[in-house]
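Just so you know, these numbers use all the heavy atoms, side chains as well, and skip hydrogens, waters and symmetry mates. Ligands are counted one by one from 1 in listed order, and the atoms in each one are counted from 1 as well.
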Amino acid sequence: MDDYVLVLNAGSSSLKFSVYGRPAGTGWRLESRGQIEGIGTAPQFSAKDSNGVVLGKTKLDAAVRDARTALESLAGWLAGRYQGGRVLGVGHRVVHGGAKFAGPTIVTPQVLGELRELIPLAPLHQPYNLAAIDAVAERLPDVPQVACFDTSFHRGQPAVAELVPLPKHIRDTGVQRYGFHGLSYEYIASVLPESAPEIANGRVLVAHLGSGASLCAMKDRRSVDSSFGFTAVDGLCMGTRPGSVDPGVILYLFQNLGLSAKEVETILYKKSGLLAISGISNDMRDLLGSAEPPARLAVDYFVYRVAKEIGALSAVLGGLDGLVFTAGIGENSAEVRRRICAASAWLGIELDAGANERNGPRISRAGSRVSAWVIPTNEELMIARHTGRLLGLI
Ligand code: ADP
């Protein structure tokens, strides 16, 4: 086995990984991907090769209860599978790079300290991302690590796009609009010249519609605004997050319903959105397959919010040249795309129904003033590329 780069995406109860090899002259090639789920409760390991063939699926010992023990378990599997191969570097998905990190960075003790200071801005993700970096440093002290941020792609936006108009002493604590899903948007921006050359240098909206959902407005492949704000709760309706709600509602939860901060957090991150509207599921497939009125309302609201945000961000761009769909719903649901495009017809989007059913790549008619596309995202490959570049591996 060749030497490889390991990409890690660590969450509160899961450690997702991808292994990228480097065959001569061909860039990074996915060797395998998988995850340890149920960390701390019922840990389970699964891995597939690049063709989706299952390489392993096993229950793990309950001792796998945190990033360190999960990494130990993963390292054991990697050593067995890739005998003779060395880990050249580890690239991490890190949710928050704050205002400072406008690009990926090699992890040093100083960088790690700065990233720890950002924990209050993303308490549900950042600690777990950093715990994985600590675990790798402990187990593989000589292997360089790279942190790749979900926020970086959005740095450099105009001041008005980043502003949260609260008193200065509050803004000075770091309250601004950061934007997220940046690795996905950066990947799409990187493939636009090849995948959709006629819009690559124009005004483009990318709709990342998965269990988390957001839109990014790009000019010349750079982010000028997005629907996510200070946190990844803002903007579009998501699987279990509401998207934008009147801040007065949050005050009401505290002042009139007497909820605690923890309860409000759980509602905003885990109990709202599609799940709350439908009362059935946070999974778009379940909702599209259901005839229940609340499930239909959930899909209606999802489409309505995306279309409304498309209108707003088209105004930001001063018009629109192309609309790109990506992520789980965006790549796979012809129905949701059809409905969003129908609601955005006023902008000049004319859908090609057949191409849409075939999942693109181009799903608008030849004469459509605004073109529409389906482009699969690949955040892990983006991290592998950054890691290889920063470590001088390629
Ligand atoms: P994550 O943010 O967890 O990476 P994904 O990008 O994998 O999420 O997207 C998950 C969402 O994609 C789920 O709501 C799922 O229902 C939806 N999805 C996947 N395939 C389809 C499909 N064929 N039709 C509709 N929705 C789909």
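- For ligand 1, the atoms lying closer than 4.0 Å to a non-hydrogen atom of G212 are 2 (O).
- Looking only at heavy atoms of the protein, atom 17 (C) of ligand 1 is closest to I329 CG1, 3.5 Å.
- Of all protein heavy atoms, the one closest to atom 27 (C) of ligand 1 is R285 CG, 3.7 Å.
- Contacts of S333 classified as side-chain hydrogen bond (donor to acceptor under 3.5 Å, both in side chains), with partners at least two apart in sequence or in another chain: none.
- Closest to atom 15 (C) of ligand 1 among all protein heavy atoms lies D283 OD1, 3.4 Å.
- The shortest contact between atom 23 (N) of ligand 1 and any protein heavy atom is with N332 CB, 3.3 Å.
- Distance CD1/I383 to CH2/W28: 13.5 Å, rounded to 0.5 Å.
- Looking only at distances, a side-chain donor or acceptor of S244 sits under 3.5 Å from a matching main-chain atom of G235.
- Grouping the Ile, Leu, Val, Met, Phe, Trp and Tyr side chains by contacts below 4.5 angstrom, directly or via other members, places L257 with Y269.
- Here the heavy atom of the protein found nearest to atom 14 (O) of ligand 1 is M284 N, 3.2 Å.
- Side-chain atoms of R338 and N356 form no donor-acceptor pair, as typed in the model, at a separation below 3.5 Å.
- With sequence neighbours excluded, the residues satisfying side-chain hydrogen bond (donor to acceptor under 3.5 Å, both in side chains) with S190 are R385.
- Protein heavy atom at the shortest distance from atom 25 (C) of ligand 1 is S333 CB, 3.5 Å.
- W77 is connected to L60 through a chain of hydrophobic side-chain contacts under 4.5 Å among Ile, Leu, Val, Met, Phe, Trp and Tyr, so both are in one cluster.
- Atom 6 (O) of ligand 1 has its nearest heavy-atom neighbour, among A334, S211, G239, G328, in G328.
- Distance check for atom 9 (O) of ligand 1: a protein heavy atom is found below 4.0 Å.
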